[in-house]
Chemist: 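Before anything else, here's the structure in question.
Please read these numbers as outputs of a predicted model, since none were measured by experiment. Just so you know, ligand 1 is whichever comes first in the structure, and atom 1 is the first atom listed for that ligand. As a basis for the values below, the full set of heavy atoms in this structure was taken, side chains included, without hydrogen atoms, waters or symmetry mates.
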Amino acid sequence: MIDVNSPSREYEKVLLETNLKDIMLVAFREHILVPAFNVAYLPMVEPIVQTLIELECFGLVEVSRPDIKKFGARSLDAVYEEYKRFENRAYTRLHLDHVPVIDEDGKLVDWRSMIWRALDLGYDSVMIDGSRVSLEENIEVTQEVVKEAHARDIPVEGEVGAVYGHEKGPLPPYEELFSSGKGFTDPEEARRFVNETRVDWLSVAIGNIHGAISGVAKDREKLKARLNIEHLQKIVSVTNVPIVLHGGTNIEQKYVLEAIRNGVTKINIGTAIRQKYERGLRETGKVEYAQENVRREMRYLIEDYYKIKGSARKLASLIKKRANPIR
Ligand code: 13P
């Protein structure tokens with residue numbers, strides 16, 4: 001049997017030997033995007049991993065609590081097992097996305113048991129989403145996760161600000177939301193949050209919104225979002241950690257590219273590939289066809305939208321250069 005993780009190329013070896021925290025720091029400093037694709041259904045794992053390998057793009061496979069509760073990702077254990085069948089650590093790592101303290105339906109979540117389970121299983125990074133509780137409480141829960149995760153060398157993503165869209169019912173009109181900056185991450189709160197929690201990556205709200213996950217809205221095309229780049233610059237100047245954009249589907253390309261040049265390192269993409277998968281399955285009843293739809297959408301995003309084909313090679317050479325600075 002072929003060992004998928006034995007490096008056949010020199011640059012693959014560099015990535016295999018570098019931990020995710022360091023890869024993300026180099027990506028942040030060099031303005032290279034690491035896309036993160038959500039697994040809404042278990043058979044999506046295979047095309048996600050294989051497309052990253054095919055395009056020599058370094059990216060994350062991720063699963064959130066909503067992917068498990070509202071769609072067909074089943075469980076953290078099931079995603080982990082499926083991921084292990086295909087993983088190639090030169091191109092991918094497994095991230096636990098959104099485990100909220102209070103969920104999109106206003107219910108208290110037993111976030112500890114989910115996050116501790118992911119850590120025990122061997123997920124490569126985890127997110128705690130305390131954005132629906134007070135800043136003080138958000139800091140407290142995030143500190144607790146950071147303590148557990150850092151003891152195992154696992155990086156943690158936290159969130160400050162409100163990335164709307166997962167909640168039931170209509171959003172305020174987008175234009176109003178964008179121009180008023182409602183829910184935007186406050187730079188001073190972000191600074192305090194990063195300082196006091198020592199979180200590794202920060203998820204922010206700067207005009208990005210999540211694709212809907214309930215009712216008929218979850219099947220509709222997501223609206224085109226924009227980003228306030230000046231606001232992003234303010235946040236980055238006082239936090240200096242890799243920034244994460246949730247709600248990656250349908251953000252206007254020029255804003256996305258500008259955001260990457262200004263500190264956004266990870267973008268979460270859920271709706272775009274979930275809807276393609278569901279449509280393929282609805283139209284043909286065939287999982288292979290639905291998987292092919294995911295591949296096609298990912299190729300478009302990686303090659304044409306984010307323009308990051310070959311990013312694994314680039315990252316590896318930058319990692320190497322930093323390890324051997326020219327005197
Ligand atoms: P979209 O569904 O809008 O792409 O957002 C995905 C996401 O942010 C998952 O955390």
Chemist: Within ligand 1, which atoms have a heavy atom of Lys222 less than 4.0 Å away?
Modeler: 3 (O)
Chemist: So, 4.0 Å and heavy atoms of Gly248: is ligand 1 close enough to count as a contact?
Modeler: yes
Chemist: Of the protein's non-hydrogen atoms, which lies at the shortest distance from atom 8 (O) of ligand 1, and what is that distance?
Modeler: Gly247 N, 2.7 Å
Chemist: Between His246 and His166, does the ring centre distance come in under 6.0 Å?
Modeler: no
Chemist: Of Ile269, Ile213, Asp97, which has the heavy atom at the shortest distance from atom 9 (C) of ligand 1?
Modeler: Asp97
Chemist: Against heavy atoms of Gly211, which atoms of ligand 1 measure under 4.0 Å?
Modeler: 1 (P), 2 (O), 3 (O)
Chemist: Provide the number and element of each atom of ligand 1 under 4.0 Å from a heavy atom of His246.
Modeler: 8 (O), 10 (O)
Chemist: If you measure every N/O of Gly270 against every N/O of ligand 1, is any gap under 3.5 Å?
Modeler: yes
Chemist: Please list the nearest protein heavy atom to atom 4 (O) of ligand 1 with its residue and the distance rounded to 0.1 Å.
Modeler: Thr249 OG1, 2.5 Å
Chemist: For Thr271, counting its heavy atoms only, list the atoms of ligand 1 lying under 4.0 Å from any of them.
Modeler: 1 (P), 2 (O), 3 (O), 4 (O)
Chemist: Between Glu46 and Arg85, is there a side-chain N and carboxylate O pair less than 4.0 Å apart?
Modeler: no
Chemist: Between Arg299 and Glu303, is there a salt bridge with N-O shorter than 4.0 Å?
Modeler: no
Chemist: State plainly whether the residues Glu82 and Lys84 are in salt-bridge range, i.e. N to O under 4.0 Å.
Modeler: no
Chemist: Looking at Asn268 and Gly247, would you say the former's side chain and the latter's main chain have a donor-acceptor pair under 3.5 Å?
Modeler: no
Chemist: Identify, by atom number and element, the atoms of ligand 1 in contact range of His98, meaning under 4.0 Å from any of its heavy atoms.
Modeler: 10 (O)
Chemist: Flag the pair Phe58 / Tyr91 as yes when their ring centroid distance falls below 6.0 Å, and as no otherwise.
Modeler: no
Chemist: Using heavy-atom distances only, which candidate in Asn268, Asp129, Asp67 approaches atom 7 (C) of ligand 1 most closely?
Modeler: Asn268
Chemist: Is the shortest side-chain N to carboxylate O distance from Asp120 to Arg152 below 4.0 Å?
Modeler: yes
Chemist: Under 4.0 Å from a heavy atom of Asn38: which atoms of ligand 1 are those, numbered in the order shown and with their elements?
Modeler: 9 (C)
Chemist: Does a side-chain N-to-carboxylate-O contact under 4.0 Å join Asp105 and Lys70?
Modeler: yes
